[in-house]
Amino acid sequence: IALIILAVTVILFIWEPVPIIVTAIGASIAFAYTGLIDVSDIFAGYNSTTIVLLAGMMVIGSSLFHAGITDLIGEKMVRVTGKSERNIILATLVVSCILSSVCSNIGVMTAMAPLVTAMCIAAGVGPSQVKPPRFCAGVFRHKAALLALLFGAQFGGFVTLVGVGSNATANSVMSDLGITPFGFFSITPFGIGVCILGTLYFTFIGCRMIPDTGYVPEFAKTEKKTLDKKKAAISVVTLLCVLVVIAASPANMPMHVAAVIGALVIVGTKCMSVQEAIKAIDWNCMLLVGSLTAISTGFKNSGAGDAVAELILKILGNDPSPFMVTTVIFFSAAILTQFMSNIPSIMLFLPIGISIAEQIGVSPYPVAMTITLAGAASYATPFAAPQNMMT
């Protein structure tokens with residue numbers, strides 16, 4: 001049942017006979033009335049810290065446009081990259097890779113989205129089939145730049161143990177299983193390889209496959225305004241402070257709280273009115289993130305992951321080779337993580353992989369590393385990871 005609902009959802013996402021938000025909410029309702037999630041959980045995803053984080057950062061991002069500072073920021077960035085779409089994508093990938101190696105990839109996504117948007121508007125990158133809104137300096141393939149930001153943030157998450165939450169989860173599971181966890185830089189050689197190959201692929205091949213929709217985020221939809229130095233200073237300082245808090249990740253100041261405080265500063269100092277702040281929030285995005293959370297939960301609850309694990313054991317047989325073990329487990333975890341979040345995928349596969357490694361007398365570490373990388377390789381669907389939903 002879960003696979004049927006998921007297949008229909010993916011098909012509707014691709015062809016869009018109805019708005020995507022209708023499909024997403026409809027799928028979460030279908031999961032509820034087939035017993036895969038509770039009816040009370042249909043809209044539980046809207047009560048999440050991710051939603052709060054998004055709303056706060058959208059207001060802060062929009063304040064840059066209202067203060068008139070985005071044109072200046074975009075122009076300075078474009079002086080470095082030029083107006084080449086490829087250069088802008090490459091710069092976005094490299095910077096987001098570096099930042100997400102030490103910061104949360106969700107934090108990098110939300111913080112850099114306004115700056116990438118400003119850079120695109122200033123450059124007027126690429127041809128578009130859609131007439132540009134009057135607030136744009138030119139037409140650009142903003143979707144390619146935002147996806148470059150997303151993938152760069154995900155690639156960089158593999159560079160250190162703190163780059164993405166699933167890395168820490170893998171360490172925790174290994175410790176629970178009685179195996180010495182990875183060190184802080186154990187994943188670095190693999191992560192650098194992922195960053196280099198992923199960046200080259202997206203820059204020269206992947207970005208060519210992205211259709212141009214002419215989409216512009218809600219937070220950027222404001223009339224072009226003259227620079228107000230006071231408002232610009234407040235907006236930039238607020239954004240930088242929120243970035244520092246997100247990077248430091250203090251226990252008593254979660255990312256979403258920092259984002260809301262930043263938004264309160266923006267509205268409280270009259271950089272934006274309350275009405276402008278509310279308008280800056282992309283409610284379509286909020287509804288989509290909430291409903292996709294229900295879809296991911298329903299798939300997890302269906303037991304599809306356990307069925308995949310049982311199938312792996314049958315495929316491998318009694319005396320599999322180490323190469324066969326890592327190959328089958330990698331593809332199984334990588335495919336499964338496209339339909340349920342990273343952490344459940346890793347928690348499901350690590351005990352299985354380590355158990356098989358011990359049975360055939362090989363080191364569990366290569367298998368554990370394979371599962372850690374594969375379980376977080378959530379690039380192919382919007383509900384594979386929170387940052388995908390946000391994008």
To the nearest 0.5 Å, what is the distance between [atom1] on [X] and [atom2] on [Y]?
X: M58; Y: I278; atom1: CE; atom2: CD1; value: 14.0 Å
X: E276; Y: H66; atom1: CD; atom2: NE2; value: 4.5 Å
X: I51; Y: L287; atom1: CD1; atom2: CG; value: 8.0 Å

Where the side chain of [X] meets the backbone of [Y], is there a donor-acceptor pair that is under 3.5 Å apart?
X: D228; Y: K231; value: yes
X: T269; Y: I266; value: yes
X: D38; Y: S40; value: no
X: S62; Y: V59; value: no
X: T188; Y: V159; value: yes
X: N301; Y: I37; value: no
X: T381; Y: Q338; value: yes
X: S96; Y: L93; value: yes
X: T327; Y: M324; value: no
X: T337; Y: A333; value: no

- Message: Please determine whether side-chain contact (heavy atoms from CB on, under 4.5 Å) holds for the pair I192 and F158, giving the CA-CA distance in whole Å, both sets of side-chain angles, and the decisive distance to 0.1 Å.
- Response: CA-CA 8 Å; I192 291 174; F158 292 120; over 6 Å; no
- Assess whether side-chain contact (heavy atoms from CB on, under 4.5 Å) is satisfied between I1 and F31, documenting all intermediate values. CA-CA 9 Å; I1 292 172; F31 271 110; over 6 Å; no
- Message: Counting neighbours of CG on L240 that are heavy atoms of other residues, nucleotides or ligands and sit closer than 6.0 Å, is the number greater than 12?
- Response: yes
- Message: Is it the case that atom CZ in F190 sees more than 12 heavy atoms from other parts of the structure closer than 6.0 Å?
- Response: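 Not buried by this count: 12 neighbours or fewer within 6.0 Å.
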- Item | Criterion side-chain contact (heavy atoms from CB on, under 4.5 Å) on T23 and V18, from CA distance to verdict | CA-CA 7 Å; T23 298; V18 295; 3.4 Å; yes
- Within the 6.0 Å centroid threshold, strictly below: F155 and Y379: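 When the ring centroids of F155 and Y379 are compared, they turn out to be within the sub-6.0 Å range.
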- For F151 and C97, run side-chain contact (heavy atoms from CB on, under 4.5 Å): C-alpha distance rounded to whole Å, both residues' side-chain angles, the deciding distance at 0.1 Å, then the answer. CA-CA 8 Å; F151 289 131; C97 274; over 6 Å; no
